[in-house]
Amino acid sequence: MEDRVSEPSLVLVFSGKRKSGKDYVTELIQQRLGPDVCCILRLSGPLKEQYAQEHGLDLDQLMGPGPYKEQYRADMIRWGESRRRQDPSFFCRLASRGACQPVWLVSDARRLSDLQWFQAEFPQQTQSVRVQSSEKTRSQRGWSFTAGVDDAESECGLDNGVEFDWIVINEADAPSLDEQLRPILQLTEEAASTSSVNQS
Ligand SMILES: Nc1ncnc2c1ncn2[C@@H]1O[C@H](COP(=O)(O)OP(=O)(O)OP(=O)(O)O)[C@@H](O)[C@H]1O
Ligand SMILES: C[C@@](O)(CCOP(=O)(O)O)CC(=O)O
């Protein structure tokens, strides 16, 4: 276990297909809780920072939801997997360094090794959340099937072998996100209050 200034009280590890709404849902939760209580950890953050620097790319656009990043996705996946082959927890450690809020939202887990690292580091605190949207809805948000991406580990690594603690159906005809997220928000608020009690 790394020497940590503070341990999180709750770690929610989100996964889901491209354009399912992982960023949208985690940002919604953070808006409810506030940045002092809840931080969003993006495993792709340190990868994109390094990749943008090495290739002279626009980091803001790589981090955004638009089509820019899709041009580089396949090569970023290759680059990232070469690092993961040397150290599967490389991006988990980088993304979580310096996080000190009681509630962590890992917005973009894609591989079993991502989920397993947080479960191993924080066995009592970690829960998994799957965000689901239909291909039709995802297409309306700008997704289109890309061979070598949507049939590879980056998009399929958590399709099997995981019993998710929570499923969020991000569809117009599903119960509202407010309704679906209510029990998860309850969990985060309990975690935040437990953390403040422990610190007082
Ligand atoms: N419930 C929703 N209502 C309105 N817009 C949504 C909703 N869910 C997602 N979106 C929009 O759809 C687009 C894709 O969502 P988002 O970026 O959160 O997906 P993602 O799963 O993080 O995708 P990626 O893996 O490509 O980063 C964004 O523009 C987002 O604002
Ligand atoms: C290269 C990669 O990190 C890109 C993720 O971008 P995004 O979270 O979909 O914006 C995906 C991966 O690591 O397999």
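From a predicted model like this one, the values you see are computed outputs, not experimental measurements. As the structure lists them, so they are numbered: ligands from 1, and atoms in each ligand from 1.
In the vicinity of Ser154, heavy-atom distances shorter than 4.0 Å reach the ligand 2 atoms 11 (C), 12 (C), 14 (O). Of all atoms in ligand 2, listed by their number and element, those nearer than 4.0 Å to a heavy atom of Arg84 are 13 (O).
Ala174 approaches Ile169 most closely through the heavy-atom pair CB-O, 3.5 Å. Smallest separation of non-hydrogen atoms from Asp150 and Arg138: OD1-NH2, 4.1 Å.
Here Arg83 has no heavy atoms under 4.0 Å from ligand 2, in either its backbone or its side chain. Using a 4.0 Å cut-off between heavy atoms, Met76 contacts ligand 2 through both its backbone and its side chain. At a 4.0 Å heavy-atom cut-off, ligand 2 touches Lys69 through the side chain alone.
In summary, the side chains of Glu27 and Gln31 do not present any donor paired with an acceptor at a separation below 3.5 Å, with no hydrogens or angles considered. A donor-acceptor contact closer than 3.5 angstrom links the side chains of Ser133 and Arg141. With hydrogens and angles left out, the side-chain atoms of Glu171 and Thr137 include a donor and acceptor closer than 3.5 Å. Between Arg130 and Ser15, the side chains place a donor N or O and an acceptor N or O closer than 3.5 Å (distance only, hydrogens not considered). Side-chain atoms of Asp108 and Ser44 include a donor-acceptor pair closer than 3.5 Å. Gln50 and Glu54 form a side-chain donor-acceptor contact under 3.5 Å, judged by distance and modelled atom types alone.
Near ligand 1, heavy-atom contacts under 4.0 Å come from Lys17, Arg18, Lys19, Ser20, Gly21, Lys22, Asp23, Tyr24, Lys69, Arg73, Arg110, Arg141, Asn170, Leu177.
The protein non-hydrogen atom at the shortest distance from atom 4 (C) of ligand 2 is Arg73 NH1, 3.8 Å. Scanning the protein heavy atoms around atom 13 (O) of ligand 2, the nearest turns out to be Arg111 NH1, 3.4 Å. Summary of contacts: the protein heavy atom closest to atom 3 (O) of ligand 2 is Ser44 CB, 3.4 Å. Of all protein heavy atoms, the one lying nearest to atom 7 (P) of ligand 2 is Lys48 NZ, 3.5 Å. What sits closest to atom 8 (O) of ligand 2 on the protein, heavy atoms only, is Arg110 NH1, 3.2 Å.
A parallel orientation is assigned to the rings of His55 and Tyr51, their planes being inclined by less than 30° (bins at 30° and 60°). Using cut-offs of 30° and 60° on the angle between ring planes, the pair Trp79 and Phe91 is tilted.
Taking 4.0 Å as the cut-off between side-chain N and carboxylate O, Arg84 and Glu81 do not count as a salt-bridged pair.
Proximity of Lys17 to ligand 2 is not established, as no heavy-atom distance is less than 4.0 Å.
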